[in-house]
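What follows is a set of notes on a single structure, which appears directly below.
Note that these values count all heavy atoms, side chains included, but never hydrogens, waters or copies made by symmetry.
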There are 2 protein chains.
Amino acid sequence: MKISTKGRYGLTIMIELAKKHGEGPTSLKTIAQANELSEHYLEQLIAPLRNAGLVRSIRGAYGGYILSDIPSKITAGDVIRVLEGPITPVEGIEDEEPAKRELWIRIRDAIKDVLDNTTLEDLASHSEDQEPEEGYMFYI
Amino acid sequence: MKISTKGRYGLTIMIELAKKHGEGPTSLKTIAQANELSEHYLEQLIAPLRNAGLVRSIRGAYGGYILSDIPSKITAGDVIRVLEGPITPVEGIEDEEPAKRELWIRIRDAIKDVLDNTTLEDLASHSEDQEPEEGYMFYI
DNA sequence: GAAAATCCTCAGTAAATTAATAGGCATTAA
DNA sequence: TTAATGCCTATTAATTTACTGAGGATTTTC
C-alpha cells in the first residue's frame, strides 16, 4: 500500500525541473544536492522518465535535463505510472470476485483522480511558499 | 502501491464470516477450500484479526470463527489496517515538503474514504449475486 | 587538444518483505 | 477416546527495494 522511493524521488526530480522550466537544463547533481539524495540513484530513476518521453537530456558539460512539456501538461500520475507501474491497489483486479473487484476499482479510481488531476505546475507552485522552519524569525 | 495477499485474503476470510453471520462458527478449512487458499497461511492472517478483536474463535471440534460484531459495523478499513498497517501512500508524510505532503494526504484521504465506507455487509451482499462462469448455462 | 562536467549503462548486493511451508501442541464436541 | 478444530514458533525461497561500484560516451570550455 505504499509508493516507494522510486515514485517519490522521481516526483522530486520532476518538481525541481518544473521550477526551472524555461531556464535551460538542470543537472542531476544539483537536484541530488538540493534534496540530499544519491545522484547515482537518481540517474537510475530518470532513465525510465527519459525513455517514456517525460524529460529530455542534454549531454556534456553544463548539460542536464529539461521537461519535454510545460509543467501544467505533466501530471503526478504520468510520473508515478512510469516509475511504479500501473496505478492499482492489487494485481489482476479482473480475477477477483465481484464484491472485491468493485472495491479495488473504487480505490483505484480514487487514487487516479488525485494523481491525474495534480500537475507539476501545482506541485512546483506549492513548493514555492515554503513553511517557516522551526525557530525561524523574520529579520528586517 | 499494492495491497498484499495479507489484506486481500484477510478480506476474503471476513466476507465469508459475514455471509455466515448468525449461523455459528465457520472453520478456516471451509474458507480455505472454498477459496482455494492455504489453510495454514490463513491461520497466520486471522491471528492478528483475533488479537484486534474483529473475530472471536471457538476452539475444539466443530469450532471455527465468528465475527465479533454485525457485518454492517465492520469496515474494509478495519480489516486492512490490521493486516497492512496504517493506510498511507508513503511512510512519514509529515517529513515531506508541503507540495508532496498535500498530495499524499489527498491520496490517503481518498483511499480511507472508500475503505471506511465499505462494510462487510456491502461486500457480502454483492458476493451473493455471483456472475455466471464462462460456459455457464441456465438449466431449467 | 586536454580537461572537466555531465549523461549513460550494466552489474552487484544487503536488507526487508512476501507468501508461504513444516511441525507440532491445546482444546473441545461427539 | 478420537477426530476436528484452533494455536504457536520456526524456517525458507523468491522477490523487491534502495542503493553502490565501475567505467564509458558526449559535449563545453580553456
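Side-chain atoms of A:Ile70 and A:Glu121, non-hydrogen and from C-beta on, never get closer than 4.5 Å to each other. Considering only heavy atoms from C-beta on, A:Tyr65 stays 4.5 Å or farther from A:Leu49 through its side chain. Looking only at side-chain heavy atoms (C-beta outward), B:Lys2 and A:Glu91 come within less than 4.5 Å of each other. For the pair B:Ile105/B:Arg108, a side-chain contact is recorded, criterion being any heavy-atom separation below 4.5 Å from C-beta on. Side-chain contact check for A:Pro48 versus A:Leu83: some heavy-atom pair is nearer than 4.5 Å. Side chains of A:Glu84 and A:Arg8 form no contact here, defined as non-hydrogen atoms less than 4.5 Å apart.
Among the candidates A:Ile3, A:Ile111, A:Val114, the single residue satisfying the side-chain contact (heavy atoms from CB on, under 4.5 Å) test with B:Pro89 is A:Ile3.
One can place CG of B:Asn51 at 13 Å from C1' of D:dG6, the figure rounded to the nearest angstrom. Put simply, NZ on B:Lys2 is 18 Å from P on C:dT17, counting in whole angstrom units. In this structure, the CD1 atom of B:Ile46 is 14 Å from the P atom of D:dT5, given to the nearest Å. B:Leu83 has its CG atom 16 Å from the P atom of C:dT17, to the nearest Å.
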From CA spacing to verdict: salt bridge (charged side-chain N to carboxylate O under 4.0 Å, His left out), B:Asp78, B:Lys73: CA-CA 10 Å; B:Asp78 296 331; B:Lys73 288 281 188 66; over 6 Å; no

Please produce a list of atom pairs where a protein N or O lies less than 3.5 Å from an N or O of nucleotides 5-7 of chain C.
{"residue": "C:dA5", "atom": "N3", "partner": "A:Ala61", "partner atom": "N", "Å": "3.3"}
{"residue": "C:dC7", "atom": "OP1", "partner": "A:Leu28", "partner atom": "N", "Å": "3.2"}

For nucleotides 13-21 of chain D, read 5' to 3', which letter fits each nucleotide if B means a protein heavy atom sits under 4.0 Å from the base, S means only the sugar-phosphate is that close, and - means neither? ----SBBBB

